[in-house]
Amino acid sequence: MRYESPSTLHDAVALLHAEPGLTRVLAGGTDVLVQLRSGMVEPDLVVDIKRIDGIYDIAEEEGGFRVGAAVSGAMLDEHAGVKTAWPGVVEAACLVGSTQVHARATLAGNLCNASPAADTVPPMIAAAATARIHGPDGVRDLPVEQVGIGPGKTALEKGEMIGSIFLPARPAHSADAYLRFIPRTEMDIAVVGAAVSLALEDGVISEARVALGAVAPTAVLVEDGAAALIGTTADEQALETLAAAASASCNPINDKRGTVEFRTDVAGVLAKRATLIALSRARGEA
Amino acid sequence: MQIHVATTINGDQTEYLCDPDETLLDVLRDRLGLTGAKEGCGTGDCGACTVTMDGRAVCSCLVLGAEAQGREIGTVEGIAAGESLHPLQRKFLEHAALQCGICTPGILVAAKNLLEKNPEPTETEVRFWLAGNLCRCTGYDKIIRAVMDAAAEMRGEAHA
Amino acid sequence: MAFDEYDSQNRIFTNVGTRPVRPDGIDKVTGRAMFGADMSAPGMLWGAVLRSPHAHARIRSIDTSKAEALTQVKAVVTRADFNEGASQQDVLDNCMAGEKVLYDGHALAAVAATSRRAAEKALRLIEVDYDVLPHVTDVDAAMKPDAPVIRESGGDESVPDGFSKNVMSMCEFGHGDVEKGFAEADLVMEKSFKTAAAHQGYIEPHACLASLGNDGRGELWVCTQGHFYIRNLCADVVGIDSTQLRVVASEIGGGFGGKTTVFIEPVALALSRKANRPVKIMMTRSEVFRATGPTSSTSMDVKIGMKRDGTITAGLAVNRFQGGAYPGSPVDMGAMCSFACYALENVLSVGYDVVCNRPKQAAYRAPGSPMAAFAVESVIDSLCQELDLDPVEVRLKNASREGTKASYGPRWPQIGLVETLRAAKNHPHYSAPLGPNQGRGLACGFWFNHGGETSVSLALSQDGTVALSVGTPDIGGSRASMCLMAAEELGIPYEKVRATVVDTASLGYNDVSHGSRVTYASGLATIKAARDAKQKLCGRAAKIWGIPEEAVVWEDGMAKPAGHNAGEHDPLPFAELCRSMGQTGGPISGHFEATPEGAGVSFATHLVDAEVDPETGATRVTRYTVCQDAGKAIHPAYVEGQFQGGAAQGIGWALNEEYIYGEDGRLQNAGFLDYRIPVASDLPMIDTEIVEVPNPGHPYGVRGVGETSIVPPLAAIANAVSRAAGVRMTELPMSPPRILKALKDRDG
Amino acid sequence: MAETVTVELFGSLRRHAEGAATVTVEAATIRDLLEALRDAYPGLAPQISRGVSVSIDGKIYTEAMFQPLSAENEVVLLPRIAGG
C-alpha cells in the first residue's frame, strides 16, 4: 500500500486516475481505517486529501455554503452560519459515532462510504444538497441522492472524488431536522433515520423534502411524504399521511439491527417527530 | 516503503518511520513506547486509544501514523505537569473513578478535551461527550462525578 | 464446626471502612500501568491465530507452506505442536482444534512473524480444506433428538432418555412435594423465558507475552484473573512442568470471569518454543467475541404457586443452558440459585447442560444466577400484579433467613436478604412518583461466593513498612483493601503497606480471582499473616524485655506488657521492632496458607425505574438503586463500584446485549458497534446502599460483593419494563423491536 | 472416630442411590464420607470424581478433605461451587 498526501485536488485526481489497482480516498478515515484493519479491503493506494489547499473551508456561496471534503462534524458544529441554516445536517453529522469520530468524520466521506444507514445522507438529500465531483474529465455537480447507488456503491467513476458538498440557500422561516432510531443513546448505526426540511409561508408549509435512511439499499427521498406536508400546518391528519407515506416508501431488510416490521413502523414515527422539530425551528421556537 | 514522519507529541519534537498502513495507535505503542493509549477494539468503538490531534480528541486507531506529519499529538502521558497531577487525575483517584483502569487513559484525554472547550458542562453533556469511551467496570457513576468535580475545581468553585 | 472466624463484634476500625487512594492509582491515571499488551521483549515476534469461519466442520487438511515461506514468518503451529496427552483435553481442544472445528472462531493454526500486520497477512496464506458439517446454535434446537451431534461421546449417566447427545448432564435440586404445593395455591402461574448469550465485555482484549525454550523453561506475562491456575493449564497443554513456567500477572483490564482460563497463552508459548524467540499475542476485539467465552444462552420454564396473602406454596424451575461446544455450562449453579432467596416447603429446580456450535462459555459474574433469577423473579412479579400484592412485602414474607433450609440443601447461617429488602423499602426511591410510560421493578438475587486456595506472605522492612505479597490478581481495587486490612491488624498507617500481586515463583498456590473470593479469602489470609507477624513481633519484644512471650500483647501498633505482672516496660512500636529485627532474631515475615471455607453467601435487592417509548419500543433506565449485603465494606468506594458495575452490566444484558448468530452459524456482531454495551449517556447515576450483616466466616465479617450485583438486574429491569409497557417481557434482551412487537401483539 | 453420618443428596444423585434423598454412612471426615459413598453407591462415583462440595451445618466445603463430621451435623452433598 502506498500513502500519498497531495496538496491540490488536481494532483489528488491524477494520483487516483493513474493507479491501476484499488484506491481509497482518506478524509476522516473513520470508515477507511476500519476496512483496512479488518482486511476487508487492501488498497494499493490511499490518497489523504487533508493536505489539499482549501479542503477544510466552509465558504458562503450564492447564499448557501460550500463545505470542503475534509470538514468534520465538529467543525460544522462550530460554524454558526451552517448551524443556523441547516441544523438538521449538523445534528446528523454530530450523531455519527463518538466525539472522537465527530472530530474526523466528514459529510463527503459519509456519502462516499455509501452505507444505507449513513446519518448525514438523509438530511443532505432533504436539504437538496449537491456533491461537487472532481475527476480526470473535470468537475461535475450531482444531487446527493444520486451519489449512492447501492450499499457500498457510488456513482463516482474511476479517478473521481468529492471535493465539496454544497448546501443551498434557505428562505426565511425554514428549517430542517434529523432523527434516527438506535437502541442505545449513542454509538450505534441508525436502525432508521428520518430527515425533514421545510419552509413556511404565513405559517403554512410551502416547501418540504423528506428523506429516510436505513430502510432501503440507499437513502430514499419520500416525495409523497413531502406532498402530505405542503399546504398544511402539519396538523394531525397531515402527519398521519406523512407517516403512512414514509412507511410505504420503506424497503428494508431483517438484520442484526432491526426487523422489516420495526423499521417500517418506526420510519413513520420518526418522520412525524422530525417534522415537528423542523416546524418548531422554522417558527423560531427552538 | 516506510514513511518518515516529523510530529510533536506531548510538546516534544518526535520523528519516526512507519508503514503506510500503520495506525497512529500502533506507532505510539510499538514504536515510541507510549503504551498509555490502549487498543480496546481497533475500530473506533471504545475510545481506549483516545489522543488529541491539533486540539481535538480522536481515536488513534482511526488515524494513520503518516497523518500525524506536522500535527500536535497529546496523550495521557502528557496530562500531568511534572509531578503535579492534573485536577482530573486527582479527582479520578479521590472518587475511585476507576476499577481496572484500562479505559482511564482514554477517558482522561477525552474529559480534558471537553473541559478545555466547555468548562461548565452539565451531567448530560459529560455523559454524551464521553459516550464513545466505554467503561465496563464502573457503570460510569463515579467517572461522571469525578469529571464534574474536577470541572468545578478548575473553575475555582468549592468542592462538590 | 460453625462459622467461627468472625471476631470483630464490637471492634472500632481505624483503617477498614475508609476510602484511601488505591496504591496503583497514580500508575493508572498517568498511563504507566502495564497491562497485558503493554510489555515487549527484545527480539520479540507477534503471533496471530487462524480461526474457523465455519460453525462445525471436519478439518481434512491444513497447508501452512505458503505462510512458512514468508521471510517475516518465524514459526507456524497447529495441533501437532501441543501435548496430545494433556489431562485437560477440552482446554487443549478449545485453544487449538484437533479433527474438528466446533464453532465460528475456533483456533486451528497460528503464526509468529516479525510484526503484527505480517503475522495477520501470513494467516491468509494458510490453506484449510474443510468438510462442513451441520450445526446448531440454539439451546432448544440442540436438545432435540435429531439435532446435529457435536460430541459423539454424548452426555453422562445423569441424562434421562429421549434427549440428543448434546445434553451433557442433568441436575436436580429441591425438597418437599411441588404438586402438593401447587394444589395449596390460590394462583399458579407458569411462564417460559429465554436469555441471549452475553459477553463479559472487558475493554482489554486478551494479550500475553510468552518466552519458552526447548528445555521446557519459560516465562509468561499475561492479563489473567488467575496466573497460578493458568500456569498449570499452560504447562499441561504445551507439555512442560508447571513450576518451570513463571507467570507474571499484568494489570488486568477487566475480566468478570472471562479471564479465568486460557485461549492464546498456550499458543504463544508453543510459537515461542518453535521460533526460540519471545512471542506476543493480542486478540483483536472480533477474536474476543468469536472465540472467548460469553456466558450461556438459556431457555427456562418456571411455575410458582402463591396464596392470596403472598405465601409461596411451591416453586418449579426447569433450566436449559447451552455452554458452547464443550460441557460445563453453569446450569447447576443456576438451578441452585433459582429459588435461593426464598424459604419454600416445596421446591424443585432442574438443569440441563447442553452443547452447541458456539464458543465455550466462560464464567461471567455469578455464573448462572442472573438468568435463573430473571425467570423466577419475573413470575413472582406477575403473581404480585395478578394478586395485587406489594412486591417487597411478598418477598419479605417468603425471604430466606437464618435457619431456612435453602432450596439446594444447606441451612442458612446469618444472612442479609431481609435487610436488603428493608433497605429497598425504606429508600426514597421505593415511594417516589412515576411519570407516564414508566414502571418500577424490584428483584432479589443470590450468590454463593467462594473461598479457594490462598497463600499470602507479609514481609516487614527495617524502616517499619510492610511488603504484602498476594497471589490473586487485582481486578477491582483489591490491593487497596489488602493494605487496609494489613494496616488495621498491625496498627500502622495504610501508606506503610505496599501490596503486590507477585509472580508464580514467589508465593504458594493461589486460586483464581473469581467467586467474589479475593477480599474474603486473600483478605482473611492477609489478616492471619499479619497476626502471624504480630506474634513474632511480640516474641521479639519478649526477648528484649526478658519476659515470656505470652506476657506480651499487641495494641495500637505496639508491643506492650500484658499486665502489671509482666513488669514495667515502655511499649515497643512496630517501627522500632522492625529496625532491630536483624539483631533480635532475623527478618520477620508473616504467612498464611489455607483453603478458607467460610465464604458468606450474599444477597441483594435492586430497584429500577424504566420508561418505555410506546411508539418505538425504546427503553430508558431513569433511576436505579442497589441494596446489597457486603458483610463488612473494607473500602466502601470500591464496594459501591462493584454494585454499580454489576448493575450497569445487568442493564446491558437486559436491554441490548446479545450474541446474534446467522443461519450459517457465524457470529454476526463480533464488535462493540453491534454488541451494544451501555455507554455513559445510556445510564443514570446508580444509587447504592451498603448493608452490613457480618459473614461469620471472616474475621471482619467480609462477604464477597463482586458477583451478586449482577444477579437481580435482569429481573428488576424486566419487571420495570413489563410494568411500564403493560405487557410481560419474557425474552432477553428486551430490544426495541422485541418490545414494540409485544406492544402490538398486546393491542391485537 | 467414625460416626453414623446422614447425608442429603442433591436431586439428580438420588437415582444413583436407589432413589434415596438421604443416605447414612460411617465417616469421621469429608474424605471418609466420599469414600464411603463411592463404595456404597458406585453410581455416585462419576459425580464425586467430577467434583463435589459438602455443606456441613450450612457451611460449604470444597477442598477440606479432613474436615471432621459427626452424627449431629446436617450434611448435604452438592455439585462443586465456584464463580466468575
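Fair warning: this is a prediction, and the values are worked out from it, not measured in the lab. Chain naming here is simple, since letters A, B, ... match the order of the sequence lines and numbering starts at 1 in each.
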**Q.** Region of B:L64 in contact with chain A, defined by heavy-atom distances below 4.5 Å
**A.** both
Less than 3.5 Å apart, which donor and acceptor atoms pair up between the side chains of residues 80-89 of chain B and the rest of the protein, not counting sequence neighbours?
from	atom 1	to	atom 2	distance (Å)
B:H86	ND1	B:L88	N	3.0
B:Q89	OE1	B:H86	N	2.8
B:Q89	NE2	C:V29	O	2.8

Q | ring-ring contact (aromatic ring centres under 6.0 Å, His included) against B:F92, all qualifying residues, sequence neighbours excluded | A | none
Q. Which answer fits B:M1, side chain, backbone, both or neither, if we ask what part of it has an atom under 4.5 Å from a heavy atom of chain A?
A. neither
(Q) So which atom in B:C61 and which in A:L33 form the shortest heavy-atom distance, rounded to 0.1 Å? (A) O-CD2, 3.6 Å
Scan chain B against chain A and return every donor-acceptor pair whose distance is under 3.5 Å.
from	atom 1	to	atom 2	distance (Å)
B:T50	OG1	A:Q100	NE2	2.9
B:R56	NH1	A:E78	OE2	2.9
B:R56	NH2	A:E78	OE1	2.9
B:L62	O	A:R104	NH2	2.8
B:E67	O	A:R51	NH2	3.1
B:E67	OE1	A:K50	NZ	2.5
B:E67	OE1	A:R104	NH1	2.9
B:E67	OE1	A:R104	NH2	3.2
B:E67	OE2	A:R104	NH2	3.2
B:Q69	O	A:R51	NH1	3.1
B:Q69	O	A:R51	NH2	2.7
B:W129	O	A:T99	OG1	2.6
B:N133	OD1	A:Q100	NE2	2.9

Q.
Does any backbone or side-chain atom of B:V63 lie under 4.5 Å from a heavy atom of chain A? Answer side chain, backbone, both or neither.
A. both
**Q.** Heavy-atom closest pair, residues A:V101 and B:G44
**A.** CG2-O, 4.4 Å
Q | Proximal to chain A - members of residues 99-110 of chain B, heavy-atom separation under 4.5 Å | A | B:A110
